[in-house]
Amino acid sequence: MPKRSIDESIRRAKASNALEGLHSTKEQDELVKLSLEGEITHDEFIKKVLELANE
């Protein structure tokens, strides 16, 4: 997925979540971006999300 599309997708998802009163951290946003860019595997993504959730 092109970087511009990834950034736009994240921006739209954040706006949609904000309407529901949900907000993400910079760390969460970065993990999503890394996953969409193919920089980390799905398993790495899940592991890191669980680590953030347990902090």
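Only heavy atoms go into these numbers, but all of them, side chains included; no hydrogens, no water, no symmetry mates.
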K.L.:
For a quick test of your reading: what N or O donor-acceptor pairs under 3.5 Å do the side chains of residues 39-51 make, sequence neighbours left out?
P.N.:
| unit_1 | atom_1 | unit_2 | atom_2 | d |
| --- | --- | --- | --- | --- |
| Thr41 | OG1 | Glu44 | N | 3.1 |
| Thr41 | OG1 | Glu44 | OE1 | 3.4 |
| Glu44 | OE1 | Thr41 | N | 2.6 |

K.L.:
Can you name the residues that form a salt bridge (Lys or Arg N to Asp or Glu O under 4.0 Å) with Arg4, not counting sequence neighbours?
P.N.:
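With sequence neighbours excluded, Arg4 shows a salt bridge (Lys or Arg N to Asp or Glu O under 4.0 Å) to no residue whatsoever.
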K.L.:
I'd like to check the side-chain hydrogen bond (donor to acceptor under 3.5 Å, both in side chains) partners of Lys3; sequence neighbours left out, ordered by chain and number.
P.N.:
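So Lys3 forms a side-chain hydrogen bond (donor to acceptor under 3.5 Å, both in side chains) with Asp7.
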K.L.:
What residues, two or more places apart in sequence or in another chain, satisfy salt bridge (Lys or Arg N to Asp or Glu O under 4.0 Å) together with Glu27?
P.N.:
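Salt bridge (Lys or Arg N to Asp or Glu O under 4.0 Å) check on Glu27 returns nothing, list empty.
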K.L.:
Check the pair Ile6 / Val32 against side-chain contact (heavy atoms from CB on, under 4.5 Å), numbers first and verdict last.
P.N.:
CA-CA 9 Å; Ile6 290 171; Val32 170; over 6 Å; no
K.L.:
Please report the interatomic distance NZ(Lys14) to CG(Asp29), rounded to the nearest 0.5 Å.
P.N.:
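Rounded to the nearest 0.5 Å, the NZ-CG separation comes to 3.5 Å.
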K.L.:
Using side-chain hydrogen bond (donor to acceptor under 3.5 Å, both in side chains) as the criterion, list what pairs up with Asn17, not counting sequence neighbours.
P.N.:
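By the side-chain hydrogen bond (donor to acceptor under 3.5 Å, both in side chains) rule, Asn17 matches no residue at all.
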K.L.:
Verify, without hydrogens or angle tests, whether Glu37 (side chain) and Leu34 (backbone) share a donor-acceptor contact under 3.5 angstrom.
P.N.:
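Pair absent, no side-chain N/O of Glu37 close to backbone of Leu34.
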K.L.:
Just to verify, what does Ser5 make a side-chain contact (heavy atoms from CB on, under 4.5 Å) with, not counting sequence neighbours?
P.N.:
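Expected list: Met1, Pro2.
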